**Student:** 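Quick one: the structure is below, and I'll ask about it shortly.
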Amino acid sequence: MSIIKVGNLCKTFKVKTKDEGLKGSLRSIFSPSFRDIQAVNNISFEVEKGEILAFIGPNGAGKSTTIKMMTGILQPSSGTIQVLGLDPTKQRKELSYKIGTVFGQKSQLWFHLPPLDSFNLLGSIYEIDKVKLKKRIDFLKEVFEIEELMDVPVRKLSLGQRIRCEIAASILHEPEIIFLDEPTIGLDVVVKQNIRELILRLNREEKTTIFLTSHDAGDIEQLCKRAIIINHGEVVLNESIKKLKHDYLNKKVISIKYNEPVNVEKGDLNILKHKADSLKVQVDTSKQDIEEVLEKLIKLGKVDDIVISDPPLEEIISFIYRQSKEGGIDEMV
Amino acid sequence: MLTEVRKSLKLMLYYLKFNISSAMEYRTSFLIQCFGMMLNNSAFIFFWWILFNNVNTIGGYTFRDEMMLWAISSTSFGICFITFGNISNITRMILNGELDTYLLQPRDPLMNIVCSKTEVSAWGDTLYGIIMFFLIRGFDMKGFMLFLLFCVTGGLILACVRISFHALSFYSGNVEGLAHLVTDFLITFGIYPKGIFTGVVKFIIYTVIPTAFIVHIPAEIIMQFSIVRLLGVLAVTLLWIVIAYVMFYRGLKKYESGNLIISKL
């Protein structure tokens, strides 16, 4: 069942432009000129209940603008949005009881006060019954391991601790969908992993639908089943992560460790590295048969170890960005 | 509608408690700012006292009348800045796209935004005005009730005029300078006798910078009660609330958000 339906969504911003320097500034006072910027251009997609979706794209692609329209912050120029059966433009308040948001760059906790005070204030804003609020805070304290942070002013928390408190604050009212806009921005690897585990737990235990934007391929690979890639305000790809990898992985890297030093004739092999008893070869599966290459390599000597790896997801995404910029996604070169 | 008003008042009270505890995080600073502001205001008594020693009345006002203007101005200003302490930041918040977190919450965004912060020194202003009232009028409880009512209406009008000017940022970009200028005018016009304002300025203090309804007319009603004038003040308060709401919500449709890194202070 689709709980988010976006149809032909567009958003145009009117931006004031001016010529260089003081002269340009003075001229713009008397005859201001404006330019239309199409931030989101005719995008359509749906999100199923309980899904973890990656909504990705390079900077300025229109990700945040789309999220802001879906949460009722911005008004679309045209198109339709339905989130949990509600129109965010007209039913923003009703919708806000059912959704949670974490903008990595915007805090909803009070900087000078401990998280517990912010939680209580948010409880009052969301009209959560006092007994229920206490239970919920106790539950979140345990899940997010923030018990000892609850009475420390937010300004004294580390970024990782703050983000954990931010996510806890955003799900205080048990939202059905949570929009995470770059939640792991600026975090170290260990904290990133913690946050990912928390997101997965939320999805698994509370059946929360997760709408995630991130520049971190690790977030996408470990959390999401499907990715929507947008660039220049348009959807360039809407695929499952599995299919995405399968379709764009026509390059494999074979690393072999031999029992003794081997001699290799280059021939049609694309050798990336050769060092006595170890060899790294890249195979373009659209041009070469991987079985043939493997056979050839195994015949060279006694094999101790062999690894066939895919290029990292990051490389695939960056390839899709580049291709969409050039005007078409064909094959990975 | 009534439920919404009740919810908004509840939120306002919660924020008030919340902001006081936030201010108490820096207790010494809180006390210094409060008493510093009272001291600052007191300095003006001497200025007026010396002036009224040389002339009997200014624009028809005696020293006591002038001090009543100060009492109402000061407490109205205090109530406005304690309860709606975030108004001064509206322009910046609009331009930097800082309204997002408020728009994501199930509360009236305007109330949520303006009440979410308090101005610590405004406690000093509020207290100063109350002390001043008792010094002028003695233990006049009926007068004090009227005084409190007018400080609330005054605080509301002050807040609404400032919100209306800040809301212009939705339409024409940065109006922070203009909004601050309007706040300065609202304070300055309110602490001088009404009689000295004539012509265009008199028109202004009854319309765009309505200090006549914030300070002057209330002071006259406390001195000589008039139900018609009291209703007039209440009607003007209501009118400014409507203007502020219309200006803000029409503008909000043009809000463009932003991507700055933001903390709630």
Side-chain angles (χ1 to χ4, degrees), chain A residues 11 13-16 32 37 39 59-60 63-65 67-69 71-75 88-89 92-114 117-118 120-127 153-155 162 166 169-170 173 175 179 181-182 185-186, chain B residues 3-4 6-8 10-27 29-30 86 93 96-109 111-112 115-118 120 170-174 249-265:
Chain A
K11 178 71 185 175
F13 288 111
K14 207 172 186 183
V15 179
K16 196 174 176 184
I37 289 184
N59 290 331
K63 304 182 297 290
S64 297
T65 306
I67 289 194
K68 282 171 186 170
M69 287 192 280
T71 49
I73 294 173
L74 289 177
Q75 309 249 339
T89 317
R92 185 184 53 76
K93 213 184 266 183
E94 290 94 315
L95 182 64
S96 57
Y97 284 104
K98 298 180 174 187
I99 60 167
T101 43
V102 176
F103 290 115
Q105 296 164 315
K106 286 176 190 173
S107 177
Q108 54 179 332
L109 302 170
W110 265 254
F111 197 61
H112 295 299
L113 289 175
D117 283 358
S118 289
N120 283 326
L121 174 71
L122 289 168
S124 164
I125 287 174
Y126 283 97
E127 297 173 278
V154 172
R155 65 175 186 276
R162 207 204 79 198
E166 287 284 351
S170 72
H173 56 293
F179 293 91
D181 194 0
E182 297 181 40
I185 194 166
Chain B
T3 327
E4 273 306 306
R6 208 170 49 236
K7 277 184 185 176
S8 294
K10 212 171 143 192
L11 180 72
M12 199 196 289
L13 279 175
Y14 203 99
Y15 264 128
L16 200 59
K17 282 196 283 180
F18 192 77
N19 286 327
I20 292 171
S21 36
S22 182
M24 289 304 165
E25 273 288 304
Y26 304 94
R27 209 174 34 173
S29 158
F30 176 81
N86 210 17
M93 292 173 80
N96 292 350
E98 294 174 36
L99 306 187
D100 295 9
T101 39
Y102 299 95
L103 292 170
L104 290 166
Q105 293 171 346
R107 280 284 173 266
D108 176 75
M111 283 296 280
N112 203 354
C115 296
S116 66
K117 207 176 165 193
T118 192
V120 174
F170 284 122
Y171 308 90
S172 55
N174 194 348
Y249 283 100
R250 288 240 168 119
L252 194 59
K253 289 189 177 150
K254 293 176 176 285
Y255 176 59
E256 292 190 346
S257 188
N259 288 314
L260 272 188
I261 295 171
I262 294 156
S263 284
K264 275 190 180 175
L265 296 176

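Sequence lines set the chain letters: A, B, ... in the order given, protein chains first and strands last, and positions in each chain run from 1. Just so it is clear, the values below take in all heavy atoms, side chains as well, and ignore hydrogens, waters and symmetry mates. The structure presented is a predicted model; accordingly, all values stated were derived computationally and were not measured.
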**Student:** With side-chain contact (heavy atoms from CB on, under 4.5 Å) as the test, would you mind laying out the steps for Y102(B) and I125(A) before giving the verdict?
**Tutor:** CA-CA 10 Å; Y102(B) 299 95; I125(A) 287 174; over 6 Å; no
**Student:** Compare every heavy atom of S116(B) with every heavy atom of W110(A), then report the nearest pair and how far apart it is.
**Tutor:** NE1-O, 3.7 Å
**Student:** Between K11(A) and E256(B), does at least one N-O distance fall below 4.0 Å, as a salt bridge requires?
**Tutor:**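 Salt bridge: no.
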**Student:** Under 4.5 Å heavy-atom distance to chain A, tell me which part of K7(B) shows up: side chain, backbone, both or neither.
**Tutor:**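 When you check distances to chain A, only side chain atoms of K7(B) fall under 4.5 Å.
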**Student:** Quick one, L122(A) with Q105(B), criterion side-chain contact (heavy atoms from CB on, under 4.5 Å). Give me CA distance, side-chain angles, the key distance, then yes/no.
**Tutor:** CA-CA 9 Å; L122(A) 289 168; Q105(B) 293 171 346; 3.4 Å; yes
**Student:** Would you name the heavy atoms of L121(A) and Y14(B) that are closest together and state the gap between them?
**Tutor:**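 For L121(A) versus Y14(B), the nearest heavy atoms are CD1-CD2, 3.2 Å.
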**Student:** Calculate, to the nearest 0.5 Å, the distance between atoms NE2 and CG belonging to H112(A) and N19(B) respectively.
**Tutor:**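 Output value for this atom pair is 11.5 Å.
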**Student:** Taking side chain as everything from C-beta outward and backbone as N, CA, C, O, which of these in L104(B) sits under 4.5 Å from a heavy atom of chain A? Side chain, backbone, both or neither.
**Tutor:** both
**Student:** Below 4.5 Å from any heavy atom of chain B, which atoms of L113(A) appear? Answer side chain, backbone, both or neither.
**Tutor:**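 Only the side chain of L113(A) comes within 4.5 Å of chain B.
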**Student:** Flag the one option from S124(A), S118(A), G72(A), P153(A) with the top tally of heavy-atom pairs under 4.5 Å to chain B.
**Tutor:** S124(A)
**Student:** Between H173(A), E94(A), R155(A), which residue shows the highest count of heavy-atom pairs closer than 4.5 Å to chain B?
**Tutor:**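 The answer is R155(A).
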**Student:** Shortest non-hydrogen contact from R107(B) to R92(A)?
**Tutor:**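 That would be O-NH2, 4.3 Å.
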**Student:** Run through I73(A), L74(A), T71(A) and flag the one making a side-chain contact (heavy atoms from CB on, under 4.5 Å) with L103(B).
**Tutor:**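 One option only clears the test, and that one is I73(A).
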